[in-house]
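Just so you know, ligand 1 is whichever comes first in the structure, and atom 1 is the first atom listed for that ligand.
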Amino acid sequence: MSSQEKQSILIIYTGGTIGMVKDTADNSLKPLDFNHITEEIPELRKIAHELHWMSLDPVIDSSDVKPENWKLMAETVFKNYNKYDGFIILHGTDTMAYSASALSFHLQNLNKPVVFTGSQLPIGLVRTDGRENLISAIEIAAVKEKGRAMVPEVSVYFENKLLRGNRTTKYSADNFNAFISPNYPPLAESGVYLKFHRQNIYYPDTEKKLILNRKFNTSVGLLKIFPGISRDFVEPVLTNKKLKAIVLESFGAGNSTTESWFTKLLEKYIKEGGIVLNVTQCLAGSVEQGKYETSLALQQAGLIGGADITSEAALTKLMYLLGQDISKKEILIRLNQSIIGEIT
Ligand code: ASP
């Protein structure tokens, strides 16, 4: 049985469309003062839980998000962890998949829900999708079963689905249904009832204490290949000594051009200490290095196959692993393993 007792939820506004209202003077969108949130969403008064609000400083459009902002979000959850039953992070949609992935690596042994949500239309507009997203995210974060949180994960709630944060990607710039998790089924769905898919939810060992991993190393890059890609474009990237790791977005099941200049540059980069994680440009499916001749060369050059990881999770996982005090060998092992459900 899930419980509907009064829970205490911290709602952290980081910026983005969801917290915007129209300034009647000049018609521009500006951040809402959350002390007045119930004027915009009176339904919040009917919620049976205790809601606490805070805005991070600075409030940003999520296109400006940086690892410092992720650290601040994670520290805010960490500092308030014992005071609340669940956390909602209100965030712009543009980079929400990156931030949710990053937080899943920042917060280890999470036992409480951290639900990211946002909206395509500002909360101050009549047709806003923010109202339903926020209310359902709160309801989900408050559900407990036998005294423990129903969804103790970093997740993304949008439209009518709760998705594992590090499996999501933004796929529509204007649909209310803006996020998908193509390689992992939803954790919950909302309709007339909230339906939790317990078999998809990750339940950690409750005995373990929450750990905040503060250190991320941002010397990573993303290289998306395309037909006609030139050596002039690739060489400066793969000879850049400051780049410790690269996510290579390849075609299909992990294939790339077989031109020898390309594989030789990759080989040299890896021999000299670099790490290359091969992920697919496709929205769904998995990299299988060696399946075709066009990916065998990549495998032989030393690339790590990223399986079904998203680019967002791949980049943030590398930032996290490079920030730990571990050897390259250890990093390569962990890239092949799931740390917090980011690969199958
Ligand atoms: N540019 C905005 C942001 O990501 C869009 C949004 O909120 O959906 O912050």
Residues that Trp261 engages under ring-ring contact (aromatic ring centres under 6.0 Å, His included), provided they are two or more places apart: none
Audit row: Asn133, Ser119, side-chain hydrogen bond (donor to acceptor under 3.5 Å, both in side chains) steps and yes/no: CA-CA 7 Å; Asn133 285 348; Ser119 66; 5.9 Å; no
Pairs where residues 89-147 contributes a residue and the test ring pair (Phe, Tyr, Trp, His ring centres under 6.0 Å) is met, not counting sequence neighbours: His91-Phe116, Phe105-Tyr320, His106-Phe216
N/O contact list for ligand 1, threshold under 3.5 Å:
| unit_1 | atom_1 | unit_2 | atom_2 | d |
| --- | --- | --- | --- | --- |
| ligand 1 | 1 (N) | Asp61 | OD1 | 3.0 |
| ligand 1 | 1 (N) | Asp61 | OD2 | 3.0 |
| ligand 1 | 1 (N) | Asp94 | OD2 | 2.8 |
| ligand 1 | 4 (O) | Ser62 | OG | 2.5 |
| ligand 1 | 4 (O) | Thr93 | N | 3.3 |
| ligand 1 | 4 (O) | Asp94 | N | 3.0 |
| ligand 1 | 4 (O) | Asp94 | OD2 | 3.3 |
| ligand 1 | 7 (O) | Thr17 | N | 2.8 |
| ligand 1 | 7 (O) | Thr17 | OG1 | 2.8 |
| ligand 1 | 7 (O) | Thr93 | N | 3.4 |
| ligand 1 | 8 (O) | Thr17 | OG1 | 3.4 |
| ligand 1 | 8 (O) | Thr93 | N | 3.1 |
| ligand 1 | 8 (O) | Thr93 | OG1 | 2.4 |
| ligand 1 | 8 (O) | Ser119 | O | 3.4 |
| ligand 1 | 9 (O) | Asp61 | OD1 | 3.3 |
| ligand 1 | 9 (O) | Ser62 | N | 2.7 |
| ligand 1 | 9 (O) | Ser62 | OG | 3.4 |

Any side-chain donor near an acceptor of the partner, Asp232 and Ser230, under 3.5 Å: no
Cation-pi check, Lys112 onto Phe87 ring (under 6.0 Å, within 45° of axis): no
Transitive ILVMFWY cluster of Val126, excluding itself - 4.5 Å side-chain cut-off: none
